[in-house]
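Structure first, commentary second.
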Protein chains: 2
Amino acid sequence: MSLRHALLGLLVDRTASGYDLLKLFDTSLAHVWPASQSQVYGELTKLAETGLVTVAAEGPRGRKDYALTEAGMAELRRWLGEVPAEQPARSEVQLRVFFLDLLTPQQRLAFLDQQAERAAAHHAELRQVLESEDWTEAGMLTSNGRLSLEFGLRFTAMSEEWARWAAKQITD
Amino acid sequence: MSLRHALLGLLVDRTASGYDLLKLFDTSLAHVWPASQSQVYGELTKLAETGLVTVAAEGPRGRKDYALTEAGMAELRRWLGEVPAEQPARSEVQLRVFFLDLLTPQQRLAFLDQQAERAAAHHAELRQVLESEDWTEAGMLTSNGRLSLEFGLRFTAMSEEWARWAAKQITD
DNA sequence: TGTTTCATGTAAGACGTTACATGATTGG
DNA sequence: CCAATCATGTAACGTCTTACATGAAACA
């Protein structure tokens with residue numbers, strides 16, 4: 001139930017509509033916990049029913065401004081205090097690697113090259129975020145966002161290196 | 001639909017029952033694409049209905065030995081030839097990092113330390129697999145399995161380093 | 001006035017998890 | 001004969017994706 005907690009977390013220092021939250025997801029949380037429109041609206045309704053958030057105000061086009069309740073804040077803290085369960089790591093790319101020898105040598109190499117390129121592109125994208133963001137501002141990329149971004153940078157760098165290494169391995 | 005293709009892939013060089021496949025998942029594919037018992041049996045039934053696999057033989061306790069059909073092999077190759085869609089990376093851990101400042105400084109440090117320990121433990125586990133497996137044997141860990149294992153090793157090493165780095169960052 | 005942006009909602013279906021349910025065979 | 005292992009299946013429930021549907025307000 002991480003989506004629920006992501007929403008609660010985003011509502012800690014602002015009140016927001018589903019529409020606003022959706023944009024926050026697309027910017028700050030996109031690489032960490034993506035969510036679709038229907039999911040966000042659905043979850044907000046449930047959250048309001050449970051009393052973890054309330055509709056603090058209604059705006060122009062049926063806009064509902066949600067605010068975190070005390071119960072919501074308590075739930076968020078409870079979740080953060082929990083020891084997270086180890087989540088099963090699923091990687092379609094690694095699954096393909098398992099069956100790589102069903103491809104021709106050229107195809108294998110092309111696949112790994114492509115993965116390397118992809119990781120490099122993603123890395124560059126994150127680097128741009130790092131350089132463009134104003135880390136002192138109270139946007140959503142606080143110092144914590146910086147930590148998470150660093151993880152992304154390291155992950156993409158590692159992924160590219162691995163793909164290059166793997167390509168070399170299968171060339172022998 | 002990766003589960004489907006994982007099953008087809010495992011049936012390339014052996015015929016196997018759902019029970020056998022389940023064990024293969026728990027050993028070789030556990031870290032790449034885990035699957036539950038009900039999922040495996042359900043998918044095999046669908047696969048047989050579609051004609052991608054057939055029941056080649058029936059054994060003792062209602063055991064069904066599945067074999068890959070030509071259509072199944074074709075589908076597997078088609079899938080492997082495809083350019084994989086970039087999959088949304090969800091990480092509960094990184095989501096928690098985003099909201100880390102709702103915890104006390106001690107809790108934050110404890111969380112990151114725990115993550116570092118977890119990554120280190122996972123890394124050690126994979127290293128054991130690397131050292132114990134006989135890579136020349138035709139078990140399921142072929143040279144491809146080696147590539148995938150290397151990814152796991154690098155990923156867990158990177159994760160630990162990141163967590164240690166992050167812990168240092170928040171100490172300042 | 002017409003296009004863009006804001007804004008919310010629902011429905012169908014795929015995928016995954018956990019739990020329940022059942023029974024045959026093997027080996028000690 | 002009893003326990004462990006082999007072996008399959010179903011049902012309920014939660015999550016996520018894609019697509020459909022609708023309309024108000026802002027702005028040019």
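Chain A is the first sequence line, chain B the second, and so forth, proteins listed ahead of strands; every chain is numbered from 1.
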*Interatomic distance where CD belongs to B:Glu58 and C1' belongs to D:dG9 [whole Å]*: 14 Å

Donor-acceptor pairs under 3.5 Å, side chain of residues 54-64 of chain B to any protein atom, not counting sequence neighbours: which ones?
from, atom 1, to, atom 2, distance (Å)
B:Arg63, NE, B:Asp65, OD2, 2.8
B:Arg63, NH1, B:Ser17, OG, 3.2
B:Arg63, NH2, B:Asp20, OD2, 2.5
B:Arg63, NH2, B:Asp65, OD2, 3.2

_A:Leu22 CG to C:dA7 C1', straight-line distance once rounded to whole Å_ = 10 Å

*5' precedence on DNA chain D between B:Lys23 and B:Thr45 (nearest-nucleotide basis)*: B:Lys23

_Distance check needed: C:dC6 C1' versus A:Asp65 CG, whole Å only._
13 Å

_Check: B:Trp162 side chain, A:Leu147 main-chain N or O, donor-acceptor pair, under 3.5 Å_ = yes

*Measure from CD on B:Gln87 to P on D:dT15 and round the result to the nearest Å.*
20 Å

*Between B:Trp79 and B:Glu75, do the side chains contain an N or O donor and an N or O acceptor separated by less than 3.5 Å?*
no

*asked:* Strictly distance-based, threshold 3.5 Å: is any side-chain N or O of B:Arg90 a donor or acceptor partner for the main-chain N or O of A:Pro34?
replied: yes

*Presence of A:Lys64 side-chain N/O under 4.0 Å of C:dG9 phosphate oxygens OP1/OP2*: yes

*Take atom CG of A:Leu95 and atom P of C:dC15, then tell me their distance rounded to the nearest Å.*
14 Å

_Check: A:Ser148 side chain, A:Asn144 main-chain N or O, donor-acceptor pair, under 3.5 Å_ = no

*Between C:dC15 (C1') and B:Phe25 (CZ): distance, integer Å*: 13 Å

_Residue-phosphate contact under 4.0 Å: A:Tyr41 side-chain N/O, C:dT8 OP1/OP2_ = yes

*In terms of ring plane angle, is the pair B:His31 and B:His122 parallel, tilted or perpendicular, where the classes change at 30° and 60°?*
tilted

*Would one find a side-chain N or O of B:Tyr19 under 4.0 angstrom from OP1 or OP2 of D:dC6?*
yes

*Send over the distance from A:His5 NE2 to D:dG14 C1', rounded to a whole Å.*
14 Å

*If you find the nucleotide of DNA chain D closest to A:Gly62 and the one closest to A:Glu43, which residue's nucleotide is nearer the 5' end?*
A:Glu43

Dump every N/O contact between nucleotides 16-23 of chain D and the protein below 3.5 Å, one line per pair.
from, atom 1, to, atom 2, distance (Å)
D:dC16, OP2, A:Gln39, NE2, 2.7
D:dC16, O5', A:Gln39, NE2, 3.1
D:dC16, O3', B:Arg90, NH2, 3.3
D:dT17, OP1, B:Arg90, NH2, 3.3
D:dT17, OP2, A:Gln39, OE1, 3.3
D:dT17, OP2, B:Arg90, NH2, 3.4
D:dT18, O4, A:Ser38, OG, 2.6

*B:Met1 CE to C:dG13 P, straight-line distance once rounded to whole Å*: 15 Å

*Pair A:Arg77 + A:Glu82: basic N to acidic O under 4.0 Å*: no

